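Here is the structure we will look at, set down as structure tokens.
The shown structure was predicted, so the numbers you read here are calculated from the model rather than taken from an experiment. Counting starts at 1 for both ligands and their atoms, following the listed order.
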Amino acid sequence: MNHAAPTPLSSRKAPGLKGRIKVPGDKSMSHRSLMFGAIAQGETRISGLLEAEDVINTARAMAALGAKVEKQPNGDWHVEGVGIRGLQSPKTDLDFGNSGTGVRLAMGLMATTPITARCVGDSSLSKRPMGRVTNPLAQFGTRFETAEGNRLPLTLHGARDAQGIIYTLPMASAQVKSAVLLAGINAVGLTTVIEPVATRDHTERMLKAFGAKLEVKQQDGARHISIEGGHELNAQHLAVPGDPSSAAFPMVAALITPGSEIVIENIMLNPTRTGLIDTLVEMGGNVTIENRRLAGGEEVGDLHVKYSQLKGVRVPASRAPSMIDEYPILAVAASFAVGTTRMEGLEELRVKESDRLAAVEAGLQVNGVFTASGKDWLEVNGGGAPGGGKVTTHMDHRIAMSFLVMGLASRIYTRIDDSAFIATSFPDFVGLLNGLGAKIGIEVA
Ligand code: S3P
């Protein structure tokens, strides 16, 4: 995608937010729906797919690898799969834009099919570590030529007749876990991933739904996930529920803006994704889950959120995997709490779309919030955000959205240097928030 011209935005003090909204489909499930559909047999039908740049790049990559991917007039997406051995070498580079999930899972998908593919991304993605995926995939016999430091651009040469591997995850990463399991689909025998710290489990749940021979066992305090290679997947009909990581922004906006009461409908409540809700409730946030139900193998519900005076808490490292993408918006919530909030176990934040620990702290400070930090922790002093600062977003959608939310309750306003990357995950963010009464617009003078 071309993000040549930065588009600054500002956000001003708003009256209470009111209304019912739906946020777009879950990003993790959307990427996986397209990828698993691409290697299944038959036609996978997806409703509720997130139509944001990251996912559209995955759709294009799957088409370049030989799957037929088409949006239907009714808004559903259909993917005609090629089978687990059917991927073809793409004729052009696979451009994953801003998306670590897109490129890392696709590398796993391609790793055990003897094809050659060059993967590229934007300048944010090109700074992110790929060794965490190329190292385990090399154990299947996959070869890589990478830019310096195991980064993109990268050329992958898939392995022929790969054998299954056993791999213990060195960091809590669902992307790495997923890449290894996907490579295992086309390897001989069992591939086992040992996961000492549980991360989001969409790959396991969805691969099972597609008919993969996958088993999860708890052993010596770790999850052992095994997949038996060589079995075809069967096309599925999938309904993607709302993304809890996108719902996080209107949820915090309503909690910190006096007079607010909103409902966010149809949000996925997989327990590996709900750490932010637990934390906000602990902080005294009035968030209730209504209409809990099961849909497409996931628990979903409607989030009813009312303005609340929050209080500072300690967020333990053990909760980090279940809210890894939510620390920027939690830090914004914490700046309106009474007292200090301390967040621990944040080392993975350093390697996201930006160094999120540094970017969040700088954004808080420039808006008059007092903070302290270390290698893997952040403390935020509450009491309200004076605002008035301009935040550098570093091509990071979640930094951009977080500081626009801050402006709604800040004493004056907040500004961000670039809103363009919001389109990677939540294209209608501004329209949806303004529909609730937010005041996000062009930059104030
Ligand atoms: C994701 C996993 C997480 C998360 C990302 C989506 C996924 O990354 O930050 O936004 O869909 O598997 P890590 O697994 O690298 O922590």
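Listed by atom number, the atoms of ligand 1 under 4.0 Å from Asp325 heavy atoms are 4 (C), 5 (C), 9 (O), 10 (O). Of all the atoms in ligand 1, the ones that sit under 4.0 Å from a non-hydrogen atom of Ile324 are 9 (O). Atoms of ligand 1 lying under 4.0 Å from at least one heavy atom of Thr101, given by number and element, are 1 (C), 5 (C), 6 (C), 7 (C), 11 (O). For ligand 1 and Ser28, the ligand atoms under 4.0 Å from any heavy atom of the residue are 6 (C), 7 (C), 11 (O).
Remark: Arg342 qualifies as a cation-pi partner of Trp377 under the 6.0 Å distance and 45° angle criteria applied to the six-membered ring.
Using cut-offs of 30° and 60° for the angle between ring planes, the Phe249 and Phe426 rings count as tilted.
Every N/O-N/O distance between Arg398 and ligand 1 stays at or above 3.5 Å. At least one N or O atom of Ala174, backbone or side chain, sits closer than 3.5 Å to an N or O atom of ligand 1.
In terms of protein heavy-atom proximity, atom 13 (P) of ligand 1 is closest to Lys352 NZ, 3.4 Å. Scanning all protein heavy atoms for the shortest distance to atom 12 (O) of ligand 1 gives Arg32 NH2, 2.7 Å. The protein atom (non-hydrogen) at minimum distance from atom 15 (O) of ligand 1 is Ser173 OG, 3.2 Å.
Residue contacts with ligand 1, taken as heavy atom pairs separated by less than 4.0 Å, do not involve His202 at all. Contacts between Arg200 and ligand 1 below 4.0 angstrom, taking non-hydrogen atoms only, involve the side chain exclusively. If you look at Lys27 next to ligand 1, there are no close heavy atoms at all, none under 4.0 Å.
Judged purely by atom type and a 3.5 angstrom limit, Ser419 uses its side chain to pair as donor or acceptor with the backbone of Thr7. Here the side chain of Asn367 pairs a donor or acceptor atom with the backbone of Gly389 at under 3.5 angstrom. Using a distance-only test at 3.5 Å, with no hydrogens or angles considered, no donor-acceptor pair links the side chain of Thr191 to the main chain of Ile227.
Contact annotation: the side chain of Ser322 never approaches that of Thr274 to less than 4.5 Å [non-hydrogen atoms, C-beta and beyond]. Taking 4.5 Å as the limit, every side-chain heavy atom of Tyr167 sits out of range of all side-chain heavy atoms of Thr192.
Under a cut-off of 6.0 angstrom, the local environment of CD in Gln72 is crowded, with over 12 non-hydrogen atoms contributed by other residues, nucleotides or ligands.
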